[in-house]
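Working notes, beginning with the structure itself.
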Amino acid sequence: MKKILLALLAALLLNTQTAQADPLLTVHPLGDGIFALIGPTGGRLHENFGLNANYGVIDTPDGAILIDSGASTAAAQLLANEARKLTGKAVKWVINTGSQDHRWLGNAYFSQQGAQIIALARTTRTQAALGTGQIESLKGELKEQMADTLPFTATPALSGERVPLTLGGRQVELRYAADAHFAGDIVVWLPEQQLLFAGDHIYVDRLLSILPDSNPANWRQAFEQIIALQPKRIVPGHGRVCDVAQAQRETGDYLQFVVKGTRQLAEEMAGVDAAVAQLSAAPAFAHLKNFNDLHRGNINRAYLHFEAAQ
Ligand SMILES: [Zn+2]
C-alpha cells in the first residue's frame with residue numbers, strides 16, 4: 001500500500017514538474033539566429049497571457065528584432081525575457097504584422113524600454129481605430145495583466161506597401177498584400193533565408209477565423225500573393241512552422257472553399273441560414289482544431305460579406 005502511495009506521489013510530482021516545465025511559447029529555432037515562438041492554438045486565456053499566436057525573434061549584431069509585441073504589457077515582458085534568453089540582447093525593433101490585440105498591444109512597453117516600433121501606416125490606422133475597444137474587451141479574461149496597457153502605434157509609421165529594412169546587416173522586408181484578416185495586415189519576409197513570418201494571413205493546425213473586420217475575398221488573394229514568394233519555411237500566425245503545401249491545404253484551400261461557396265450562394269440570394277446549412281460540412285478541414293467552434297461562424301460572416309457586396 002505504502003509503495004503504491006509513493007508511486008502515486010511520484011507520478012503526481014512528475015506531472016507538476018512537466019506542467020511547470022511546459023513553456024507558454026515553444027521556441028522553434030530556424031537557423032541564423034532566427035526563432036519562431038509558437039503560442040497555443042486555443043483561445044486567449046489568463047494562463048496564456050493572451051499569447052495564443054506566434055511571434056518571431058531575429059538576432060542581429062545591433063540588437064534583437066521582435067515580430068509582434070503581445071496582447072498586454074505583462075505579455076510584452078514575457079516576450080522581452082524570451083528574446084533576451086535567445087539572443088542575449090534587448091529588443092531594438094518591434095515590427096507589427098497586424099492589428100489584432102496580440103500583435104501590438106505590447107508596443108507601449110517596448111517603446112518605454114527604448115525599442116523602436118515599426119509598422120506600415122495602413123496598419124497603424126487600423127490599430128488606432130481598434131485599440132481602446134480591444135483593451136476593454138481583454139480586461140474580462142486577462143484582468144490585472146492588462147494594467148498599464150496602452151494603445152501605442154509606431155510613429156512615424158512607414159508609408160508604402162513594400163518596405164525593405166536592415167538592422168545589423170539583417171534584411172527584413174515588410175510586405176502588404178491586401179486588407180485580409182484585418183485591414184493593413186502585413187507579412188515579414190526574410191529574403192536571405194527565404195523565410196516568411198506570415199502574420200494572420202496563414203493559420204495551420206487550427207482553423208482560421210474570419211472576423212467581422214475580415215475580408216475573405218481579399219484574404220484569398222493576399223494568400224496567393226504571399227505564397228508566390230515560395231518561402232522555404234513559413235511561420236504562420238497560428239500553428240506550428242510549416243511549408244507551402246501545408247499552408248495551401250489548411251489556409252489556401254479553406255479560404256477557397258468558403259469564398260467560392262458563400263459568394264455563389266450570396267449571388268443566388270440563398271440567405272445566410274441556407275448558406276450555413278449547405279456549407280457546414282467540410283470534411284477536408286474538420287480535423288483542424290477549433291473547427292466546431294469557428295467554421296459555421298466563418299461561413300456566416302463570409303456570406304454576409306458577399307451579400308453586402310451585391
Ligand atoms: Zn491572430
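No experiment lies behind these values; they were computed from the predicted model shown. Numbering of ligands and ligand atoms starts at 1, following listing order. Values below: all heavy atoms of this structure, side chains included; hydrogens, waters and symmetry mates excluded.
- Between Trp219 and His181, the ring-plane angle classifies as perpendicular under the 30° and 60° cut-offs.
- The side chain to side chain donor-acceptor pair (under 3.5 Å) check on Thr41 picks up Lys289, with sequence neighbours excluded.
- The line from CD of Glu141 to NE2 of His46 is 7.5 Å long, rounded to the nearest 0.5 Å.
- When the Zn ion (ligand 1) is compared with the N/O/S atoms of Asp200, atom OD1 turns out nearest.
- Taking 2.8 Å as the criterion, Gln100 counts as a coordinating residue of the Zn ion (ligand 1), since one of its N, O or S atoms falls below it.
- The atom of His238 nearest to the Zn ion (ligand 1) is NE2, with the search restricted to N, O or S atoms.
- By the side chain to side chain donor-acceptor pair (under 3.5 Å) test, Tyr254 is found to be paired with His295, Asn298, residues two or more places apart in sequence or in another chain being considered.
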